[in-house]
Amino acid sequence: MPTPLPIRLRLLFAACACAFAFSTSALAGANPGAEAQALDLLKHAIAFRTVQGPGNQTPQFAAYLKQVLVAGGFAPQDVTITPVDDTAFLVARYRGSDPRLKPLLLSGHMDVVEAKPADWERDPFTPVIEKGYIYGRGATDMKFDDALMVATLIDLKRQHFMPRRDVVLVLSGDEETIMKTTQMLAAQFPDAYMLLNGDSGGGSLSEDGNPQYFVLEGAEKAYADYTLTITNPGGHSSAPRKENAIYELAAALTRIGNYRFTPQLNEITKAYFLAAADRAAPRTGAAMRVFANDPTDKQAIETLSSDPAHVGKIGTTCVATMLNGGHALNALPQRATANINCRIFPGTSFKQVEDELVRVADEPGMQIRFIDTGTTASPPSPMRSDVTAAVRAGLDVAYKSVPIIPSMGSGASDSMWFRVRGVPSYGVAPIFLKDSDDFSHGLNERTPLFNIAPGVAYWMIMIKRLSN
């Protein structure tokens, strides 16, 4: 394994092709020891195969993190691991001076999506550093930020920092699947001051490496799956009949595929479109401005709907993701099923979407079933000035004056279970990526290592400001 920080990272910064430069004086507050520990934590984290099912190493990863936190100054009783089925969740409490104050939560998850080594160029559970990147499952989603948060908390212990309110690290163990541990964590901290989620938000770099903007996530869409099923008596394939489960389901899916849910707008998405318009291509930017002021404008809807980066921001979307039909090559199908995956705009219920799918499918013989995947709809969090100011101060360490844009996530994260309990939750990950470097959930996941030093400095500022 190549030599870790601090020397190696300094060389990586110097060799980085990014057009922006890190100021040595600006990063003077960052402890090289914390940077080195963050990289070491990240390499160890990737090596744990924290995937649901047989061999899930999330409990072992949690045990490793507890060992590191205790060695870094946490009292053993302040770091707890709770086993849940084949996984676990971790809670680490950094005690403040005033136990009457509500705690500040730092949120992340330890699990990752499956990665099959045969499909990858490198083993997904062996951390590999090449040309300024670290490769491996979880390198982006989200073991990088887990490592940053843990290293920062330990560095604060080294500094003998005393917050006024408790700072509590809450790491779930099944965010990528059923979120059972997240629900348990939210039930444990229903009165939290706020939650800072390292699993969402983040910075955008242009393809030539210039920082474009930072997304501060204050809302997210709900995740939902629906199974569509059509059944027929079947029969011999030599005697085809009009009723055919595959054809009927295909026709229903075509109608759903051609359908557009009514576009929607809320205060967060309106602020996003108005702020992002100046940084978008001229045609897209013009559509953003128009939509922000009139979400019924057909031309703006058409422009934004045709862009995969923005279609999820203008309302509920549903798409077919799996299909299965028939039981024999020489028989008429007795059953055909499909999965429809929906990302639902805040304020719209799962039942409303189900009813709309039934109406649009227009197939009397079709059955629809909502699949409970442990998600829920959640309200937006208010865009608070203290959160924005802390983010601004944290970013200015390395990304002076980069625009901060409120945003709504198109997918579900742990934040939603805290939002439904009234805990304001914000996606604030300090990782900056080019679009071409984002391989979350995909093959050959990687993240540039230049994010470590500014990431530690950012979390240091965020924790200090929002815990006092």
Side-chain angles (χ1 to χ4, degrees), residues 1-2 39-62 64 85-88 108-147 171-179 198-200 202 204-205 207 223 225 227 308-309 312 317 319-325 337-343 371 373-375 409-414 429 431-451:
M1 196 66 68
L39 180 58
D40 187 62
L41 282 164
L42 177 55
K43 291 190 291 186
H44 277 87
I46 289 172
F48 286 97
R49 187 181 177 278
T50 54
V51 177
Q52 183 190 44
N56 186 351
Q57 293 183 325
T58 302
Q60 292 93 320
F61 180 35
Y64 163 74
D85 301 330
D86 70 337
T87 187
H109 63 87
M110 298 178 287
D111 61 315
V112 296
V113 298
E114 179 63 281
K116 299 187 180 301
D119 298 333
W120 283 54
E121 295 176 15
R122 307 160 191 82
D123 184 273
F125 299 104
T126 300
V128 175
I129 294 175
E130 289 180 8
K131 298 180 180 178
Y133 291 90
I134 185 163
Y135 289 81
R137 175 58 86 221
T140 304
D141 185 11
M142 62 153 298
K143 289 178 175 177
F144 202 115
D145 244 293
D146 288 341
L171 299 181
S172 64
D174 55 358
E175 190 271 350
E176 298 290 5
T177 52
I178 63 173
M179 291 188 170
D199 188 33
S200 57
S204 173
L205 299 176
E207 287 305 312
Y223 175 107
D225 284 305
T227 298
T317 60
V319 62
T321 56
M322 296 185 71
L323 186 65
N324 185 38
T337 63
N339 186 79
I340 300 292
N341 178 254
C342 299
R343 307 300 173 119
I371 301 174
T373 55
T375 63
S410 295
S413 77
D414 285 338
I431 308 302
F432 275 71
L433 291 175
K434 304 174 186 177
D435 287 345
S436 60
D437 281 339
D438 189 356
F439 294 95
S440 299
H441 290 206
L443 293 175
N444 308 311
E445 186 177 350
R446 68 185 189 185
T447 297
L449 286 174
F450 63 69
N451 282 291

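Residue indices begin at 1 and follow the sequence shown.
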Compare every heavy atom of [Y] with every heavy atom of [X], then report the nearest pair and how far apart it is.
{"X": "Pro127", "Y": "Lys43", "value": "CG-O, 3.3 Å"}
{"X": "Leu449", "Y": "Tyr133", "value": "CG-C, 4.3 Å"}
{"X": "Gly53", "Y": "Asp86", "value": "N-OD2, 2.8 Å"}
{"X": "Ala139", "Y": "Ile134", "value": "CB-O, 3.6 Å"}
{"X": "Asp414", "Y": "Glu175", "value": "OD1-CG, 3.1 Å"}
{"X": "His109", "Y": "Leu171", "value": "N-CD2, 4.4 Å"}

With rounding to the nearest 0.5 angstrom, report the [atom1] to [atom2] distance, [X] to [Y].
{"X": "Ile431", "Y": "Asp145", "atom1": "CD1", "atom2": "CG", "result": "4.5 Å"}
{"X": "Leu323", "Y": "Thr337", "atom1": "CG", "atom2": "OG1", "result": "7.0 Å"}
{"X": "Tyr135", "Y": "Glu121", "atom1": "OH", "atom2": "CD", "result": "7.5 Å"}
{"X": "Thr87", "Y": "Asp111", "atom1": "OG1", "atom2": "CG", "result": "6.0 Å"}
{"X": "Gln60", "Y": "Met110", "atom1": "CD", "atom2": "CE", "result": "11.0 Å"}
{"X": "Asp225", "Y": "Ile340", "atom1": "CG", "atom2": "CD1", "result": "9.5 Å"}

Side chains of [X] and [Y], donor plus acceptor under 3.5 Å:
{"X": "Asn341", "Y": "Thr321", "result": "no"}
{"X": "Asp141", "Y": "His441", "result": "yes"}
{"X": "Asp438", "Y": "Ser440", "result": "yes"}

For Leu39 and Ile129, what are the C-alpha separation, side-chain angles and deciding distance, and is it a side chain to side chain contact (heavy atoms under 4.5 Å, CB included)? CA-CA 11 Å; Leu39 180 58; Ile129 294 175; 4.3 Å; yes
Could you walk me through whether Asp437 and Thr447 pass the side chain to side chain contact (heavy atoms under 4.5 Å, CB included) test, one step at a time? CA-CA 7 Å; Asp437 281 339; Thr447 297; over 6 Å; no
Does Asn451 use its side chain to pair, donor to acceptor, with the backbone of Phe432 at less than 3.5 Å? yes
Keeping Lys143 on the side-chain end and Gly136 on the backbone end, is there a donor-acceptor pair under 3.5 Å?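 A pair under 3.5 Å: no.
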Check against side chain to side chain contact (heavy atoms under 4.5 Å, CB included), Ser436 and Glu207: CA-CA 7 Å; Ser436 60; Glu207 287 305 312; 2.6 Å; yes
Mind checking whether Tyr64 and Phe61 have parallel, tilted or perpendicular rings, split at 30° and 60°?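 Taking Phe61 first and then Tyr64, their aromatic rings lie parallel (interplane angle under 30°).
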So that I can tick it off, tell me whether Glu114 and Arg49 are bridged by a salt bridge, with the cut-off set at under 4.0 angstrom between side-chain N and carboxylate O. yes
Salt bridge or not between Arg137 and Glu445? Use side-chain N to carboxylate O under 4.0 Å.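 Yes, charged N to carboxylate O under 4.0 Å.
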